[in-house]
Each structure stands twice: as structure tokens, then as C-alpha cells.
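Scope of the values below: all heavy atoms of this structure, side chains included, with no hydrogens, waters or symmetry mates.
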Amino acid sequence: MRPRGSSRSASRGASASAGGRALQSTQTGQPPYPAVVHAFPADVRCLAVVGEEVWCGERSGVVKVRDAGSGHEALFQPDSDPKATRTADVFRRPGFLPTCMAKVGQDVWIGFNDGVVRVYHAKTKTLRAEFGRHTGGVTAVHASLPFAFTAGADGRIVQYCASSHQQVAKLHAPNSCSTPIRCVTAGDTTLPLVFTGAEDGVVRCWRRAEYGGPAEYRGAFPARGQGHTAALTALLLLRNHLWTASEDRSVKVWDIAAQACLRSVEVFGAGVSGIVHHAGEVLAKCRNGSLTVINATAYTVAGQKYPEGVG
């Protein structure tokens with residue numbers, strides 16, 4: 001399957017001036033924080049950035065691969081068909097919704113609301129594997145090579161070999177805990193731990209399975225009175241600390257060894273929907289579109305930015 005070219009540079013400027021919306025900072029004279037410089041219309045449920053493409057799982061049930069510069073849907077020419085084919089047709093699963101996706105090595109893994117995971121080659125867009133390991137919808141996909149992980153509304157985590165797509169282990173919490181999981185992250189070989197965030201606001205931890213061995217449950221945190229009071233939405237590993245985001249309008253920093261909360265940062269306006277590390281800062285994206293910038297070493301708010309009309 002061969003991708004067809006697109007005129008990225010010409011459309012990028014036009015789209016930025018027409019659809020971009022700058023964010024305003026509460027701190028004047030400070031270095032500029034990341035801002036929205038380009039926007040395109042898409043009712044997106046989940047997405048993955050793959051090189052110069054954005055894979056979008058849309059609420060209509062289709063998956064579209066869009067050019068990152070223009071937002072236009074990519075066209076592909078299958079080897080067996082000289083006609084251009086829309087990516088929405090290539091990835092369609094009638095009757096089911098894409099719920100999460102992530103780039104895993106050379107592939108893109110897409111989870112659906114019926115518990116099925118599809119694996120596509122990122123370059124050729126060919127289907128490499130399809131399997132179901134969850135009894136509810138797939139809620140999160142995460143890569144920590146050589147492994148990949150999926151989490152589900154059934155409260156289960158499945159660990160895979162990323163290259164062969166074969167199951168390595170199922171990670172279970174004790175006492176038959178089936179609280180739906182919202183997010184999952186995992187460390188590398190220097191920190192071979194897996195963390196999940198669930199709708200009950202609890203972080204749970206496992207030592208990941210190695211080939212031929214089981215995963216080991218390491219417990220749940222927080223300690224009493226330190227935890228989130230609403231569902232967890234995002235996790236981020238930075239060195240030996242775990243950052244957690246929640247719908248309770250807070251971001252917390254945890255000492256992993258002690259399973260203790262080091263700092264809790266309240267964000268502006270609404271529940272936190274995502275966090276990312278950028279240039280020594282942690283950016284917390286809220287559901288009202290605002291952005292809270294947190295110093296990644298001092299754990300203090302460096303600034304807050306709001307879309308036009310907010311704040």
C-alpha cells in the first residue's frame with residue numbers, strides 16, 4: 001500500500017491563520033508556552049501522532065489518518081486497486097467505536113469498545129493482527145518496548161510482546177477488583193513497573209512479567225487522605241516519580257518507592273484530561289481547554305493559560 005503525496009507546506013499556513021487559536025498566559029513577560037497554532041475540524045475520541053501524520057479515532061466510528069500540517073485525510077493506493085482509498089474505509093469496523101490508540105514500534109495499536117485490538121503497520125496501513133483480550137471496552141494502550149500493554153473497562157491489564165502481539169501475562173489486582181481502568185503507563189528495564197489509574201481514583205502497581213514468568217502485584221496507593229477523590233485520567237513517569245491527573249482538578253506527584261504523595265497541585269477550572277512532559281515542565285490539559293504549566297522539579301505552578309473566552 002503506497003501513500004499518496006500531499007502539499008503540506010502550502011496548506012499549513014492557511015489552516016493556521018484560519019483555524020488557529022492562541023492561548024493567553026496569566027503571566028506577562030514570561031517565555032512563551034506552547035500554543036494552539038493550527039486546528040482542523042474533527043470530532044476526535046482518541047489520537048496518535050505518527051511522524052507527520054495524526055491517526056484520529058473519531059466519534060462517528062471511523063479511524064482517519066490525517067496530514068499533520070493540513071488536517072486533510074490521507075489517501076492511499078492499495079497495490080491491488082489503482083483507485084485511491086480513503087483511510088476511513090481502510091480502518092472501518094462497522095458497529096464499533098475506536099476508544100484508544102498508540103504507536104507501538106512500527107505499528108499503531110487501536111482499541112475498540114467491544115474489547116478488540118487491531119494492529120496496523122504505521123507505514124503501509126496494512127492490518128497485522130486482530131485479537132480480543134478484554135470482556136469490556138479497551139480503555140488504554142501503552143508501549144514500553146519490548147512490551148505493550150492494554151487496559152480495559154473490565155479492570156484487567158494485558159501485557160504483550162510488542163513485535164509478535166502474543167500475550168505475555170494478564171495483570172490482576174487482588175480481591176477480584178474489576179474497577180474500570182482509565183490509563184496505564186510502564187517503565188523501562190531500569191524501572192520494570194506497570195501503573196494503572198482507575199475510576200475509583202486509586203493507582204495500582206505491578207512488577208511487569210518477563211518472558212516465562214508471572215507479573216507481581218505490588219499494591220495500591222495512596223496512603224489514607226493523600227489520594228484523588230475522582231477518576232484518574234492520565235499517568236506520567238518522570239525519573240523515580242509518578243505524576244497522576246484526575247477529574248478532581250488536581251495533579252499529584254508520587255514517590256514510587258514510598259508510595260507517598262510528595263505534592264498536590266490544583267489546576268484551573270476543570271478536571272484534568274491529560275499531562276505531558278515538555279522542556280522541564282509538565283503541561284496539564286483541562287477539559288475546559290485551559291493549560292496549567294507545572295515546574296517538573298519544584299512542583300510549583302509556572303503559569304496558566306486559557307483559550308479565548310475562558311478565565
Side-chain angles (χ1 to χ4, degrees), residues 36 38-68 71-74 86-122 125 127-134 136-144 148-154 156-158 160 162 165 180-186 196-199 231-236 244-247 270-276 283-289 291:
V36 176
H38 170 63
F40 52 82
D43 193 5
V44 176
R45 185 185 183 100
C46 55
L47 60 82
V49 179
V50 183
E52 294 295 319
E53 297 176 335
V54 181
W55 292 50
C56 301
E58 307 198 2
R59 295 186 185 276
S60 62
V62 302
V63 175
K64 294 182 180 180
V65 177
R66 296 176 178 271
D67 179 89
H72 296 155
E73 184 181 357
R86 298 187 311 132
T87 54
D89 296 325
V90 174
F91 301 127
R92 186 182 297 275
R93 284 191 73 223
F96 301 104
L97 297 176
T99 52
C100 55
M101 63 176 66
K103 186 176 185 296
V104 181
Q106 300 300 311
D107 300 325
V108 176
W109 291 38
I110 304 174
F112 291 86
N113 64 335
D114 62 341
V116 166
V117 175
R118 278 188 168 184
V119 179
Y120 290 92
H121 191 275
K125 312 298 186 291
L127 179 64
R128 299 194 62 200
E130 179 176 324
F131 45 85
R133 299 286 189 268
H134 295 276
V138 183
T139 55
V141 180
H142 179 77
S144 181
F149 301 85
T150 60
D154 56 2
R156 303 291 179 85
I157 310 95
V158 183
Y160 309 82
H165 319 126
I181 296 171
R182 290 282 195 92
C183 45
V184 60
T185 191
T196 61
E199 288 191 355
L232 289 162
T233 56
L235 304 173
L236 174 67
T244 60
S246 171
E247 292 181 350
V272 185
S273 59
I275 48 178
V276 64
L283 311 180
K285 169 69 167 57
C286 300
R287 295 197 182 280
N288 68 347
L291 187 72

Report the C-alpha separation of D67 and E52 in whole Å, then their side-chain angles, then the decisive distance to 0.1 Å, and conclude whether the side-chain contact (heavy atoms from CB on, under 4.5 Å) test is met. CA-CA 6 Å; D67 179 89; E52 294 295 319; 5.6 Å; no

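- Side chain of N113 to main chain of L97: a donor-acceptor pair is present (N/O by atom type, distance under 3.5 Å, no hydrogens or angles).
- When all heavy atoms of V138 and V116 are compared, the pair lying nearest together is CG2-O, 3.9 Å.
- Remark: Y120 OH to I110 CD1 distance equals 6.0 Å, nearest 0.5 Å.
- F91 pairs in a ring-ring contact (aromatic ring centres under 6.0 Å, His included) with only one of the listed residues (F112, W55, F96), which is W55.
- Looking at heavy atoms from C-beta onward, V141 lies out of side-chain contact with V117 at the 4.5 angstrom threshold.
- None of K103, R66, K125 except one satisfies the salt bridge (charged side-chain N to carboxylate O under 4.0 Å, His left out) rule with E53; the exception is K125.
- Scanning all heavy atoms of the two residues, the minimum distance from G197 to L232 falls at CA-CD1, 3.4 Å.
- Taking both residues in full, the closest heavy atoms of I181 and T196 are given as CG2-CB, 3.9 Å, listed atom of the first, atom of the second, then distance.
- Here the side chain of S246 pairs a donor or acceptor atom with the backbone of A231 at under 3.5 angstrom.
- Contact record, K64 with T87: CA-OG1, 3.6 Å, taken as the closest heavy-atom pair.
- Looking at every heavy atom in both residues, G274 comes nearest to A234 through CA-CB, 3.9 Å.
- By the 4.5 Å heavy-atom criterion applied to side chains, V62 and R92 are counted as neighbours.
- If you look at W109 and F131, their ring centroids are closer than 6.0 Å.
- Counting only distance, with no hydrogens or angles, the side chain of T185 and the backbone of L236 share no donor-acceptor pair below 3.5 Å.
- Without hydrogens or angle criteria, T233 side chain to E247 main chain gives no donor-acceptor distance under 3.5 Å.
- Summarising the geometry, atom NE2 belonging to H134 is positioned 9.5 Å from atom CZ belonging to R156; distances are rounded to the nearest 0.5 Å.
- Note on residues 113-122: pairs passing salt bridge (charged side-chain N to carboxylate O under 4.0 Å, His left out), not counting sequence neighbours, are R93-D114, R118-E130.
- Here the closest non-hydrogen pair linking A186 and H142 is N-NE2, 3.3 Å.
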Can you check side-chain contact (heavy atoms from CB on, under 4.5 Å) on T139 and R182, steps first, answer last? CA-CA 6 Å; T139 55; R182 290 282 195 92; 5.9 Å; no

